[in-house]
Amino acid sequence: MSILVRYALARFASACLTLFCVALLVFAAIHAMPGSFEDVMVPQGTQAMRDVLAERLGLNKPILEQLGRWLSQVIQGNLGDSLVTQESVAAEYLRRLPATAEIAGLATVFALVVGVPFGIFSGLAGSRRLVSQFSRLGGGLAMSVPDFVVGAVLLYLFTRYSLWFTVGNWVPITENLIGNLRSALLPAFTLSLLGIGLIMATARHATIGVLGQDFITAALARGKSPAVIVRHHVLRNAGIPIITILAIYSGYLLGGTIIVENLFSVPGVGRYLITGVLNRDYPVVQAGVLLAAFFFIVLNMLADILYALLDPRIGRRRG
Amino acid sequence: MARARFIRLPFRGDVLSRAAVVAVIALLLAGLLAPVLPIGDPEAIGAGPRLNGPDGAFPLGTDNLGRPVLARIFEGILLTFILSTVAVLIASVVGAIVGMVAAYLHRTADEVISRFADVLFSFPPVLLGLLVTAILDPGIHSTIAAIVLITLPSMIRVVRAATLDVVGRDFVIIAEIAGASFGRRLFLHLLPNVAGVIAVQTAYSISLGMLIESALSFLGLGVQPPSASLGSLLREGAIYLDIAPWLVFGPGAFLAIAILSVNLLGDGLRSVVDPLEARPLH
Amino acid sequence: MAAVAEIDSLVLEFRSRSGRVRALDGAALSVGDGQRVGLVGESGSGKSTLALALGRLLPPNAEHLEGALRVNGKSVFELDHAALRGLRRHELGYVFQDPIGTLDPTMRIGRQIEAVLAGTGKTASIASLLASVGLNDVRRIVRSFPHEMSGGMAQRVSIAIAIAPKPKLLIADEPTASLDASIRSQILDLLVSLCAAHGMALLLLSHDLRAISRYCERVAVMYGGRVIESGLTADVFGRPLHPYTEALLRAAPGQERIGGRIEPIPGLPPVLAGRIEGCSFAPRCTFAVDECRTRRPERTDHGDRSVVCLRATERADAMAGVPPA
C-alpha cells in the first residue's frame, strides 16, 4: 500500500507544479494583453484618474511584486473584483457553481450509462461488420456534431412543441425538483453527446484490445462462458482506459457548459465567463480559466490515482 | 472494367472511411467551385427576399439580408477547412519535432517539454481558446492560435510515446553508432517510423480544430463578419431560430458532416496504421 | 489403447487481407491415454495451430476445411458452444508460453484460482493445489498480482490452474520458452510428474529436442502443416526416417558429437497458400528426387512409426542394417 501512497503523493506534487505553471501562464497572458487595465476601465479617463486606479490595483508596482501579491490572494480564495459590477468574482462563481455542476454531472451520468454498455457490446461483436460499422458511425456522429448544433435543434423543437421540457427558464434544484429536471435535462443531454461518443469509442477499443490478450485465450481454454469472461476480465480491464477518457471528457465539459449555458440560458459559471470575455472583464476571465484548469488538473490527478488502484501494474513498479 | 476504375479509393473494405473520403473531397470541391456554381453570390445582399424558406430558387433559403444560404455555406466550409487545416499543420510540424526531440534526448529536454505539454493540456480546450481570444483580438489569427495551442499538447504526447517505442530499436542504435548526425537520425530514421501516428493524430486534430473554430465563431470570438465560417453562420442564424430555422439547420448539417467525415478518415487511417483484430468470445 | 486425442487429415486455413494461409495441410496425430507426446517443428510448422485446434481455440479468421479432430471420442468441430465449454473445462488443460500474460493483470492470484475452482465443481483447497505445483508460500502468492511474480512462479500457478479440474489431456505449448534456462527442467519435471500422478496425457510442444527425448515417450515432427514423422521418441530420434527429422536433429544444438558441427537446414520453411502437390520439404531436401516435387506423399507405416515421405521405405531398408546413431 505504501507504494501506492507514494505514487499518489508524487502525482499530487506534480499536479501542484502544473497548477503553479498554469497560474504563471494565466498571469503572464493577462499582462501580455495589448492595452493596459487603465485603458479598459477608464478609456476616457484623465491621467490623474489613471494614476489613482493604478495605485489602487497595484499596477505601478514591479511585475514580480504584482505576481506575488496576486498569487497570495488566489491562495486565500480572493480572485479579485469584477471590473463591471465591482463585486467579488469568487463569490459570483461560487453562487453559479451548482447549476453548472448539475448539468455537467447529469451529462457524465448519461454518457456513462449509454456509452459503456454500447461500447463494450460493439467491442464484443467486433468481428461482425455491420455492428462495428454502425457503432463507428453512431459514435462518430455523437463526437462530431457540435453541441451548439444539437442544442440549437433541440431548442427549436422544444420551444415550438413544448413537450414537458422547459427551455430558457432555469429552475434551481432547491426550488422545485421536477421543475429543475424539466429545465436541466435538455442542456445535460446536449452536453452528454460528446461524452457518449468518446466513451463508446474508448470502451469499444479497450474491449477489443482486452479480448486479444493471452489471459482471455487462457480463460476460454478453461471453458469459461462469455458472460463470465466479460464480468471477470473484460469489465475490469476495459474500465481502466474509460477512467482516463472520463478525466479528458471533464475538460470538454468545462468548455461545453459555456456553449450550452449560453444556448439554454442556464445561469451557470460558463455564462458568467463568456460575458466576462465579451466585456473584457479580465478578473472574471482570469479567475474562470484558473478555476477550470484547477478542476481539470484535480480530476486528472484523481483519475491517475484511481487508475493505479485498478491496474496494479501502474505506479507500483519500484515507486 | 479495369479501365473504368480509373480512380482508386484508399481504405479497401472499409465502407465508412471510403464514404468519408468522398464526402471530404465533395465538400472541398463545393467550397472551391462555389464562385462558378449556379447557387448565387454569397455577398449579394438582397439577392432574394429576406428570411425566405428553402424553395426552388434558393435550395436552402435566404438569410436576414436576403443572401442565398447555400452559397454562404459553401463559402463557410472552405474557411472552416482552411483555418483548422493550417492551424493543425502548424501544430503537427511543431509537435512532431518537439515530440521526437523530447523522446530522443531524454532527461532535461524531455522533462521541460513534457511539463510544457502538461501545462497546455491542463486547460480545457474551449477555455484555452477563450483565453487566447481574450488576449488577441478575436479574428482569424486568434482562432488559428487557439487551435494550434489546443491540438499541440496531444500531438507532442502522441509523437513522444511513438518515438520512445522506436528509439530503443536496433536500427536507430546502429545509426547512432555509425555517427549519423542528429538531424539525420531524427528525420531519416525516426520520422518514417512515427509518420503513421502523426498522420492519424493530424486527421483527428483537424476534426477537433473544426469543432473549436466553429465553437469560437459561434460564441462570437472566432471569425468576424464579413468573413463567414460555418460557426459564424450558425451564430447569425441562431438569432432567427424561431422564425427561420433553416439558417441553423443548413450550416449545422454541413458542419456535422464535415467534422464527421474528417473524424472517420482518422479512424480509417488508424486502422491502417494500427490494425485491431477483434475476436469473438467462444 | 484408447486415444484421448485423435486427429486425422486436418486441413485448416487462415483468411487474411492479403489472402489465405494454409496452416494445417492434412495433419494427423494420435495421443493415447496417459501418453506423453512431444510435438516438434520449426516456428510456422503448424504446431501451435494444432494445439489450439484441439480446444477449438483458434482465432476467428481460421477456417476448418476438412479432416476430423476428436477428443475423448467427441468431434470437437461439431460440438455446440455449451458442449465445447464442457470439453475445455473438464477434459483439456492448457499451459501457454507466456505465464504472466495468461493471468489477468488486474486480479490477485488467489481470486483467479478461486474462480477456476468454482468452475470445476471439484473441491480442492487453494493451498493444496499450490503445494502440488511446488509453491509453498501460499499466503504471499494468493495476495500477489501476476506482474509481482517471477516467470517460473507464474508458470507454476498456470499449471496449478490447468490441472485443477484433472483434465484427461494437458497441452503445454512451449511452457518453458520464456523462462530462465535454470528452471526449465524443474517446470518440465513438474509437468511430467503431475501427469503421471493424475493419469493425464501430455502433449508437449517444444523446440528443445533434448527435453522432448528426455520427457516424452512418443514424438511427432511437424513440417508444412503436416506431421511428417511420428513414433516412439527413441526410434524417431535414433533412426530418423524422414530427411527433415534427420536435418532437424543435426541442426539442434547440444546434439553434435565432439568435433562435429551444427548443420543449419538451408532455406526457409514454407508458407502454404493452399494444398500443394508434391512434398513441402522437397526444395530443402538433400534426398529429393523429381517425383518428390510432383507427387504428394501419403502416410506410410513402418512398424510403430508413421512417415510422410515417398522415399521412406527405401531409407528404412537402407537403415535396417545400420546401428542406431
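To find a chain, count down the sequence lines: A is the first, B the second, and so on, and within it residues start at 1.
- Between Leu127(B) and Ala292(A) the shortest heavy-atom distance is CD2-CB, 3.6 Å.
- Heavy atoms closer than 4.5 Å to chain B are found in the side chain of Leu278(A), but not in its backbone.
- Between the CZ atom in Phe295(A) and the OG atom in Ser122(B) there is a gap of 15.0 Å [rounded to 0.5 Å].
- Heavy atoms closer than 4.5 Å to chain B are found in both the backbone and the side chain of Val22(A).
- Between Leu137(A) and Leu260(B), the closest side-chain pair of non-hydrogen atoms falls below 4.5 Å.
- With respect to Val149(A), the side chain to side chain contact (heavy atoms under 4.5 Å, CB included) criterion is satisfied by exactly one of Leu234(B), Ile259(B), Val248(B): Leu234(B).
- Residues Ser144(A) and Ala256(B) approach most closely at CB-O, 4.2 Å, considering heavy atoms.
- Your options are Thr133(B), Leu131(B), Leu120(B), and the one with the most heavy-atom pairs under 4.5 Å with chain A is Leu131(B).
- Taking CG from Leu130(B) and CG from Leu273(A), the interatomic distance works out to 5.5 Å, rounded to the nearest 0.5 Å.
- When heavy atoms are compared at a cutoff of 4.5 Å, Leu25(A) approaches chain B solely by way of its side chain, counted from C-beta outward.
- In terms of heavy atoms, Ala215(B) sits closest to Phe148(A) at CA-CE2, 3.4 Å.
- Annotation: the span from Met143(A) atom CE to Asp267(B) atom CG amounts to 7.0 Å, rounded to 0.5 Å.
- Here Ser214(B) is the residue among Gly129(B), Ser214(B), Ala238(B) with the most heavy-atom pairs under 4.5 Å with chain A.
- Ser14(A) touches chain B through backbone and side chain together, each having a heavy atom under 4.5 Å away.
- Going from atom CZ of Phe121(B) over to atom CD1 of Ile248(A) covers 4.5 Å, rounded to the nearest 0.5 Å.
- Your options are Asp118(B), Leu241(B), Ile257(B), Leu221(B), and the one with the most heavy-atom pairs under 4.5 Å with chain A is Leu241(B).
- Listed here is the closest heavy atom pair of Pro146(A) and Leu255(B): CG-CD2, 3.5 Å.
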